[in-house]
Amino acid sequence: RDYKVTGVQTCALPIYPSEGTRIPLWAKALALEDASGKRTVIASLDLVGIDRATSLAIRQSPALIKLGLNASNIVLNCSHTHTGPVVGHNLETMYFYGEEEQRKVDAYTAKLVRDLVALIVNAVQTLAPAKLSWSVGWENYGDRKSTRLNSSHLVISYAVFCLKKK
């Protein structure tokens with residue numbers, strides 16, 4: 001399930017309040033349940049990051065506990081976009097705005113928590129049989145003689161997941 005992320009303050013420089021949405025940002029949630037009934041949720045957020053208080057407010061939500069989800073079984077992954085909204089107190093050491101802007105950030109954060117909890121609830125409630133497979137991909141970034149790795153090539157590995165409905 002998808003959720004559109006919109007905000008009141010961007011993380012981009014120069015620092016100024018958002019004037020609208022240029023490129024939509026999203027949150028997505030994938031609920032998984034094994035044969036024994038154990039559930040895990042992976043949520044991806046197009047945000048630079050979230051603070052611990054926001055993470056706990058989502059992962060320890062009574063609505064998610066009621067569904068049998070433990071906070072330790074919920075992964076919140078941020079894409080680290082620099083054009084997304086400020087959330088909670090995550091970037092307060094970078095932004096020095098007044099009380100009015102802080103109230104906007106607080107209101108946005110509260111709405112984001114409610115919406116993400118609803119997104120995760122929906123993902124769990126719409127679980128369907130599926131097959132999950134995975135592999136490892138590799139990228140070779142060519143000649144990098146100047147890297148600290150003292151290697152002529154920089155090779156990056158990444159996980160590739162495939163989820164297909166049964």
Side-chain angles (χ1 to χ4, degrees), residues 1-12 18 21-94 104-141 149 153-166:
R1 299 288 180 215
D2 298 342
Y3 164 75
K4 191 172 181 178
V5 178
T6 57
V8 295
Q9 176 88 22
T10 66
C11 300
S18 174
T21 301
R22 183 172 182 195
I23 300 170
L25 303 175
W26 297 91
K28 298 179 180 196
L30 172 65
L32 303 170
E33 183 178 84
D34 67 14
S36 71
K38 184 175 180 181
R39 294 176 175 167
T40 298
V41 172
I42 303 169
S44 66
L45 316 170
D46 283 344
L47 297 171
V48 73
I50 58 175
D51 61 342
R52 180 172 170 75
T54 303
S55 171
L56 291 174
I58 295 164
R59 295 182 307 114
Q60 294 177 347
S61 164
L64 301 183
I65 293 169
K66 185 177 177 182
L67 291 173
L69 286 168
N70 295 321
S72 62
N73 290 39
I74 301 170
V75 176
L76 302 176
N77 179 61
C78 296
S79 64
H80 199 88
T81 180
H82 281 249
T83 58
V86 173
V87 176
H89 298 282
N90 188 44
L91 300 171
E92 66 187 2
T93 59
M94 292 177 59
K104 290 178 184 178
V105 170
D106 292 344
Y108 175 77
T109 302
K111 181 183 182 329
L112 182 69
V113 168
R114 289 190 306 272
D115 290 346
L116 287 174
V117 168
L119 177 72
I120 294 169
V121 166
N122 184 267
V124 171
Q125 290 177 338
T126 57
L127 276 165
K131 179 180 179 182
L132 176 66
S133 57
W134 66 277
S135 185
V136 175
W138 300 91
E139 285 292 331
N140 185 339
Y141 288 96
L149 300 175
H153 289 85
L154 180 63
V155 180
I156 308 272
S157 66
Y158 52 90
V160 179
F161 294 93
C162 180
L163 185 66
K164 293 184 180 182
K165 287 185 178 179
K166 284 188 178 180

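These values consider heavy atoms only, across backbone and side chains, with no hydrogens, waters or symmetry-generated copies. Quick note: residue numbers are just sequence positions, from 1.
Inter-residue side-chain proximity for L76 and L116 is flagged as unmet; no heavy-atom pair is nearer than 4.5 Å. A heavy-atom distance below 4.5 Å is not found between the side chains of C78 and V48.
If you take NZ on K28 and CD1 on I42, they are separated by 14.0 Å, rounding to the nearest 0.5 Å. Atoms OG and CG, on S79 and D46 in that order, are 4.0 Å from each other to the nearest 0.5 Å. The structure places CG of L132 at 6.0 Å from CG of L163, a figure rounded to the nearest 0.5 Å. Distance NZ/K38 to CG/L32: 12.0 Å, rounded to 0.5 Å. Atom CG of D115 sits about 8.0 Å away from atom OH of Y108, to the nearest 0.5 Å. Note that NE2 of H80 is 13.5 Å distant from CG of L45, once rounded to the nearest 0.5 Å.
Here the shortest heavy-atom pairing between T126 and N122 reads OG1-O, 2.8 Å. For V86 against V105, the heavy-atom pair with the smallest separation is O-CG1, 3.8 Å. Of all heavy-atom pairs spanning K166 and K131, the tightest one is CG-N, 4.1 Å. Annotation for V41 and A29: closest pair CG1-CB, 4.4 Å, computed over non-hydrogen atoms.
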Only pairs under 3.5 Å count here: list side-chain donor-acceptor contacts from residues 55-72, not counting sequence neighbours, and write none if there are none.
{"unit_1": "S55", "atom_1": "OG", "unit_2": "R59", "atom_2": "NE", "d": "2.9"}
{"unit_1": "R59", "atom_1": "NH1", "unit_2": "A71", "atom_2": "O", "d": "2.9"}
{"unit_1": "S61", "atom_1": "OG", "unit_2": "A63", "atom_2": "N", "d": "3.2"}

